[in-house]
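Only a predicted model underlies this, so the values are computations on that prediction, with no experimental measurement involved. Chain A is the first sequence line, chain B the second, and so forth, proteins listed ahead of strands; every chain is numbered from 1.
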Number of protein chains: 2
Amino acid sequence: MTESNNNPLASVDIQRPIVTVDVVLVTLAGEELRLVLQERDREPEKGRPALIGGYVWPQADVDVTAAALRILKAKACLDGLFLEQLMSFSGPDRDPRGWSVSVAYLALVPQEALESAARSGAAPFHLVDPQSPPALPFDHNRIVAAAMARLRAKSAWSTLPAFLLPSSFSLPELKAIYEKVLGTPLNDSAFRRKILEMRLVEEIEARSVPTADRKRPAQLYRLARPTLTAFDRTV
Amino acid sequence: MTESNNNPLASVDIQRPIVTVDVVLVTLAGEELRLVLQERDREPEKGRPALIGGYVWPQADVDVTAAALRILKAKACLDGLFLEQLMSFSGPDRDPRGWSVSVAYLALVPQEALESAARSGAAPFHLVDPQSPPALPFDHNRIVAAAMARLRAKSAWSTLPAFLLPSSFSLPELKAIYEKVLGTPLNDSAFRRKILEMRLVEEIEARSVPTADRKRPAQLYRLARPTLTAFDRTV
DNA sequence: TTAATAGTGTCTTTTAGACAGTATATA
DNA sequence: TATATACTGTCTAAAAGACACTATTAA
């Protein structure tokens with residue numbers, strides 16, 4: 001577990017950092033963006049709501065992303081959602097167990113998938129405002145801030161927000177989620193023009209069901225490509 | 001060095017991964033972008049040109065970025081350059097020493113600073129084409145590809161390419177480096193309009209020195225803000 | 001029919017590109 | 001003066017925004 005090396009502390013062997021994964025899980029609850037937390041199931045900070053995370057298991061995981069997927073499935077009963085590596089956070093003090101590296105991920109889950117996970121026995125979810133979350137353990141507030149910045153920025157030039165919606169959605173719904181994530185109103189005809197002309201979505205043979213206050217049913221669409229698609233820019 | 005846990009392999013304690021840093025160092029040599037490699041100074045792959053990297057030292061480094069800065073200084077005599085964390089690469093096979101996580105960084109260095117580092121005793125640099133580098137050890141080709149994609153994408157909407165230039169530069173030089181990084185010609189008057197109207201640069205009291213084929217001296221500028229500045233988008 | 005959202009058409013504004021033309025240096 | 005690059009001005013094209021107007025549903 002150690003490497004001999006030209007260490008600044010001379011004869012001391014190199015200690016390996018703790019390596020963990022933390023997932024900033026974001027969903028849409030009703031009309032609002034929500035950050036999904038779970039109570040920690042062990043020390044330190046046992047019982048406190050925190051990002052969904054855990055150790056990387058070299059014996060079990062083929063890479064850190066596999067660890068994130070494994071942890072999401074084990075702790076939140078979630079599978080097949082949008083997952084993107086953000087960056088790593090590290091240091092001697094961010095975790096009381098010692099010098100640690102946490103590889104942070106952004107994950108998006110549609111409301112229905114989260115509700116289904118809750119019903120299938122996941123530990124309870126705490127939904128909080130991701131723009132002003134409560135004080136979280138470790139450096140989780142910093143990780144959330146970085147994740148939300150990435151979500152906001154990337155949403156301006158990619159199909160990212162669509163991964164907060166079910167697989168079929170109307171253009172008014174899509175526009176609403178873009179506005180929610182970007183925090184700014186969008187021009188309706190320009191939005192439709194862009195989304196349709198770039199062929200980011202394709203019509204499906206269905207319309208939304210009208211409700212009391214959503215009178216006219218809307219044409220439903222699905223993403224033309226099931227993966228994240230960039231427009232305007234390329235990253 | 002181990003954690004007890006609800007490990008899938010039951011009674012086996014968790015091994016900690018090796019944690020390293022790899023820096024994709026890019027410079028401008030003459031008119032061309034160049035990836036800067038150094039020969040590895042120890043096994044494995046001793047003597048082979050590779051990314052500049054090394055172990056994270058929990059005893060010495062306050063975080064992984066500090067490790068990257070320490071390693072750049074120790075191995076390449078480089079200091080004060082643009083450094084941005086890319087993402088982590090991980091897995092059981094990428095390093096023969098065992099399951100490892102490498103936190104990759106993109107670093108940009110002006111040609112003059114690299115030449116000065118070479119003169120001040122850094123181990124020799126190997127400069128190669130970053131778009132089609134030779135076969136590199138470990139998963140370094142993959143890391144280079146990710147770094148170049150980030151450089152290209154981010155250059156379209158930020159002052160990133162300016163960090164490949166000395167602190168003062170002319171607009172023709174700035175335009176040339178954008179074109180080199182983006183791989184596409186830019187409209188001259190539109191480029192000047194954008195850069196000047198957004199006040200990304202400010203005039204300094206100097207002009208470039210004319211040479212045989214650069215007849216008219218150009219006004220010199222410096223970045224209005226010494227840090228990376230985004231335009232159009234925000235990330 | 002009314003009300004409320006869905007969707008379209010078109011004019012205006014903004015921004016980027018094309019490109020001619022002027023300015024300033026060397027030789 | 002010839003020439004090569006630096007720089008400016010202006011027309012055109014493309015994209016985004018504003019907004020009126022039509023369409024379709026429930027009640």
Side-chain angles (χ1 to χ4, degrees), chain A residues 30-31 155-159 161-162 165-166 168-180 182-222 230-234, chain B residues 30-31 155-159 161-162 165-166 168-180 182-222 230-234:
Chain A
E31 298 286 285
S155 293
W157 50 271
S158 78
T159 56
L165 295 178
S168 72
F169 48 79
S170 68
L171 290 188
E173 285 168 343
L174 188 64
K175 173 168 173 268
I177 184 64
Y178 270 89
E179 290 177 325
K180 210 42 100 177
L182 296 173
T184 171
L186 295 177
N187 182 283
D188 186 53
S189 70
F191 180 82
R192 303 179 81 98
R193 211 160 38 203
K194 183 112 187 175
I195 297 291
L196 293 174
E197 283 176 4
M198 297 207 68
R199 302 193 186 286
L200 298 173
V201 297
E202 51 195 25
E203 268 188 41
I204 61 175
E205 290 282 329
R207 297 174 159 266
S208 63
V209 289
T211 61
D213 60 328
R214 297 194 86 81
K215 303 298 179 75
R216 176 175 168 181
Q219 177 63 48
L220 293 183
Y221 295 83
R222 65 167 164 245
F231 45 90
D232 288 357
R233 335 174 149 184
T234 319
Chain B
E31 298 286 287
S155 293
W157 49 273
S158 77
T159 55
L165 295 178
S168 71
F169 48 81
S170 68
L171 290 189
E173 284 167 343
L174 187 64
K175 173 167 174 269
I177 184 65
Y178 269 88
E179 290 176 324
K180 207 44 100 176
L182 296 173
T184 172
L186 296 176
N187 181 283
D188 187 52
S189 69
F191 180 82
R192 303 179 81 96
R193 207 160 43 203
K194 185 113 187 173
I195 297 291
L196 293 174
E197 282 176 4
M198 299 207 65
R199 302 194 185 285
L200 299 173
V201 298
E202 51 194 26
E203 268 187 44
I204 60 175
E205 291 281 329
R207 298 174 158 265
S208 64
V209 289
T211 62
D213 59 329
R214 297 195 84 82
K215 301 298 178 73
R216 178 176 164 180
Q219 176 64 48
L220 293 184
Y221 296 82
R222 64 169 165 242
F231 45 89
D232 288 356
R233 335 175 149 186
T234 321

What residues form a side-chain contact (heavy atoms from CB on, under 4.5 Å) with [X], not counting sequence neighbours?
| X | result |
| --- | --- |
| E31(A) | none |
| A176(A) | none |
| R216(B) | none |

**Report entry** Partners meeting side chain to side chain donor-acceptor pair (under 3.5 Å) with E179(A) (sequence neighbours left out)
**Finding:**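 If we apply the side chain to side chain donor-acceptor pair (under 3.5 Å) test to E179(A), skipping adjacent residues, the hits are K175(A).
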Requested in this report: Output all residues satisfying side chain to side chain donor-acceptor pair (under 3.5 Å) with N187(A), sequence neighbours left out; order by chain, then residue number.
Outcome: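 N187(A) satisfies side chain to side chain donor-acceptor pair (under 3.5 Å) with S189(A) once adjacent residues are dropped.
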Query raised in the report: Is there a side-chain contact between P217(B) and V209(B) (heavy atoms, below 4.5 Å)?
Result: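 With C-beta onward as the side chain, the pair stays apart.
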Would you list the atom pairs, donor with acceptor, under 3.5 Å between side chains in residues 195-203 of chain B and any protein atom, with sequence neighbours excluded?
| unit_1 | atom_1 | unit_2 | atom_2 | d |
| --- | --- | --- | --- | --- |
| E202(B) | OE2 | R222(B) | NE | 3.1 |

Report summary line: Per-nucleotide protein contact along nucleotides 12-25 of chain D, 5' to 3', at a 4.0 Å heavy-atom cut-off (B base, S sugar-phosphate only, - neither), is ----BBBB---BBB
Requested in this report: Name every residue in residues 169-176 of chain A that has at least one heavy atom under 4.0 Å from any atom of DNA chain C, in order of residue number, or write none if there are no such residues.
Outcome: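 Under 4.0 Å from DNA chain C: P172(A).
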Requested in this report: Using the heavy-atom set of chain A and a strict 4.0 Å cut-off, write down the first and last nucleotide of DNA chain C that makes it in, 5' to 3'.
Outcome: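 Going 5' to 3' along DNA chain C, contacts run dA3(C) to dT10(C).
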Query raised in the report: How would you list all residue pairs meeting ring-ring contact (aromatic ring centres under 6.0 Å, His included) that involve residues 186-209 of chain A, not counting sequence neighbours?
Result: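 Every pair satisfying ring-ring contact (aromatic ring centres under 6.0 Å, His included) with a residue in residues 186-209 of chain A: Y178(A)-F191(A).
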Query raised in the report: What residues, two or more places apart in sequence or in another chain, satisfy salt bridge (charged side-chain N to carboxylate O under 4.0 Å, His left out) together with K215(B)?
Result: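 Scan of K215(B) (salt bridge (charged side-chain N to carboxylate O under 4.0 Å, His left out), adjacent residues dropped) gives none.
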Query - All salt bridge (charged side-chain N to carboxylate O under 4.0 Å, His left out) counterparts of R192(B), not counting sequence neighbours - result: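 None.
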